[in-house]
Amino acid sequence: MIQIKFQNFLDMFTPIIFIYIIFSLGWKNFLFFNVEFLLGMVLIISMLHFFILLDKNLEKGYKSMIFLSLFILMLSLIFSFLKIFFSYYNENITSDIKIYTLISLILYVLIRITYFMRIVYVKIHNPAFIFITSFVFLSFLGSILLMLPASTVVKKISFIDALFTSTSAVCVTGLVVLDTAKDFTYLGKIFILILIELGGLGILTITSFFSYFFRDGFSFKEAIFISNFLNTKTTNNVLSLAVKVVLFTLTVEFIGTLLIYFSIKEKNSIESDNLLFFSIFHSVSAFCNSGFSTLSQGLYSQSVRFNYLFQLIIAFLLILGGIGFNILFNFFSYIWLTIKKYFLKIFKDEDFRCPVHVVTLNTKIVILTTFFLLFFGTVFYYISEYHCSLSEHSSFHGKWIVSFFSSATSRTAGFHVLNMNTFTPITIFFTIFLMWIGASPASTGGGIKTSTFALALMNIISLSRGKNRLEIQRKEISSESIRLSFSIIMLSIIVIYISILLIIFLDPKEDILSISFEVFSAFSTAGLSLGITSNLSNGSKLILILLMLLGRIGIFNVMIGFLRKNKIGSHHYYRYPKGNVLIN
């Protein structure tokens with residue numbers, strides 16, 4: 001009975017902790033924002049967790065969450081006490097303890113929220129709706145954090161601007177109405193970085209990652225929902241897949257951070273006081289395809305505009321993040337099995353047969369489409385901008401690297417190393433085309449996706465040849481996939497067209513080409529702009545916010561979330577007579 005009271009008290013105490021963190025970050029002179037109070041709070045919460053664990057009848061999943069939370073809190077306490085014991089008690093140490101204790105409290109709240117969300121999405125029978133609300137919730141939460149006085153250099157920013165910045169970060173777009181470098185403090189940039197990471201992976205992927213630690217109480221129903229979130233058809237080892245996604249992301253971002261750091265270490269002109277934070281921020285921003293930068297002019301800044309090694313690192317991070325986790329894992333499995341095959345043959349004289357069809361058809365389509373888009377995009381930018389924006393790059397290899405970078409970033413992220421105001425009209429239209437296609441399924445990028453474009457194009461070719469079905473490499477593509485691809489294309493065109501009309505009505509002074517470019521960029525979460533974002537009215541900004549959410553979530557997922565009926569026995573086991581409609 002005592003343990004149940006402790007548990008109820010702790011559940012009520014969690015939102016109080018969150019409110020306390022908000023107040024502490026909002027007002028620097030908040031009454032209880034001191035080390036003694038923080039450590040006392042963490043110590044009390046830790047003791048409550050300890051007493052709760054004494055309950056033998058505690059639900060297994062909840063007990064796992066308590067263990068994980070207690071571990072996070074104890075790490076913070078041990079660090080704080082060691083810091084005090086081995087060092088002099090001065091202001092710098094006090095500041096360090098405050099930061100690490102607040103981080104531990106934020107992690108604690110996040111763990112409890114993910115456990116709560118696990119319960120919620122099991123009770124709601126619409127995983128698409130949960131997927132939608134998670135991004136909307138995260139966008140509004142981020143806007144609150146970015147409006148705190150401790151997050152901005154200026155005294156106050158409008159709610160629309162905060163919501164726009166938060167949504168752009170969560171939807172990994174990169175469109176900005178404020179100068180990230182000058183208008184946000186170090187804390188504000190950390191908030192943007194966290195929103196980018198959560199948005200790139202998806203908060204439900206993070207939930208699934210934490211569910212790996214709660215799997216004692218994991219149900220088959222939860223496995224079905226999480227497999228839907230991770231875009232996998234099987235529920236086998238779905239939690240392990242979530243862990244692989246998170247760990248792979250952190251590993252790539254860590255390697256990217258090191259490479260970026262060493263590529264700029266010798267450059268003294270970087271506009272950043274902390275090169276390590278600059279490297280971390282741009283590694284996360286690149287892999288998540290967000291396009292945010294801590295430089296006022298982005299990557300067009302003089303300090304990195306001609307750093308071609310840095311641009312190559314960013315480009316490959318963009319490609320890895322935009323190609324899709326399932327594709328990457330499948331491709332790496334093929335590489336591993338190939339290396340294993342030759343290793344056994346050379347060193348042990350053993351024959352190793354790889355499993356049949358290791359590389360899936362989906363992987364082949366995505367990789368080939370991505371390769372051709374990158375190749376032809378690079379050639380196109382090189383030819384069309386050779387005498388225009390590329391003219392400031394004197395070296396032969398520099399022009400090709402910048403063209404390659406532009407081809408990669410146009411489909412997925414908002415980075416740019418060329419002066420887009422000098423782009424020729426044909427380059428602008430080609431960039432719009434690349435933005436519209438976007439990245440690949442189950443990736444951190446947006447757009448209609450490479451596989452959607454490839455299926456639609458191959459189906460048109462197949463129909464032109466008189467075939468009544470689409471066959472690729474001795475496999476017949478399901479009619480459902482073909483219908484879905486054309487539906488996504490049609491819906492995207494309708495949404496983009498309506499959005500352009502509305503923004504033209506709200507901002508008639510702006511150029512129609514710039515508005516079209518902005519709308520395509522927002523819907524495809526590409527983040528490129530011709531420079532009109534901050535000049536738009538609040539109504540137009542709200543339209544772009546909605547477009548970014550639709551582009552990141554997927555317009556078809558939105559329709560499923562609100563229109564599909566999840567009722568038992570809702571399947572139609574009848575068919576009407578076929579009716580022919582004249583098309584041509």
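Everything numeric in this text was worked out from a predicted model, so none of it was measured. Side chains are part of it too, since the values below use all heavy atoms of this structure and drop only hydrogens, waters and symmetry mates.
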Residues in side-chain contact (heavy atoms from CB on, under 4.5 Å) with [X], at least two apart?
| X | result |
| --- | --- |
| L328 | F248, L320, I323, F332 |
| A439 | T412, S443 |
| I477 | L361, L455, L470, I472, S481, I482 |
| T185 | V153, L187 |

Partners passing ring-ring contact (aromatic ring centres under 6.0 Å, His included) against Y300 (at least two apart in sequence or in another chain):
none

Sequence neighbours excluded, every pair satisfying side chain to side chain donor-acceptor pair (under 3.5 Å) that has a member inside residues 516-525
E518-S529, E518-T533

Pairs in or reaching into residues 488-501: which pass side chain to side chain donor-acceptor pair (under 3.5 Å), with residues at least two apart or in two chains?
W436-S492

Please collect all salt bridge (charged side-chain N to carboxylate O under 4.0 Å, His left out) contacts where either partner lies in residues 368-392, sequence neighbours excluded, each pair once.
R305-E392

Report the C-alpha separation of Y381 and T431 in whole Å, then their side-chain angles, then the decisive distance to 0.1 Å, and conclude whether the side-chain hydrogen bond (donor to acceptor under 3.5 Å, both in side chains) test is met.
CA-CA 9 Å; Y381 277 107; T431 304; 2.7 Å; yes

How about T422 and S389: does a side-chain donor come under 3.5 Å of a side-chain acceptor?
no

Less than 4.5 Å apart, any side-chain heavy atom of T409 and any of H416?
no

Nearest heavy atoms of C388 and S391, plus distance in Å
O-OG, 2.6 Å

Under the salt bridge (Lys or Arg N to Asp or Glu O under 4.0 Å) test, which residues partner K541, sequence neighbours left out?
D161

The salt bridge (Lys or Arg N to Asp or Glu O under 4.0 Å) partners of D507 (sequence neighbours excluded) come to none

For residues 394-402, tabulate all N or O donor-acceptor pairs below 3.5 Å that involve a side-chain atom, not counting sequence neighbours.
| residue | atom | partner | partner atom | Å |
| --- | --- | --- | --- | --- |
| S395 | OG | G398 | N | 3.1 |
| K399 | NZ | L390 | O | 2.8 |
| K399 | NZ | H393 | O | 2.9 |

What donor-acceptor contacts under 3.5 angstrom involve side-chain atoms of residues 544-556, with partners at least two apart or in another chain?
| residue | atom | partner | partner atom | Å |
| --- | --- | --- | --- | --- |
| R552 | NE | G199 | O | 3.4 |
| R552 | NH2 | G199 | O | 3.0 |
| R552 | NH2 | G200 | O | 3.0 |

Reference residue Y186; test ring-ring contact (aromatic ring centres under 6.0 Å, His included); the match among F281, F277, F191
F277

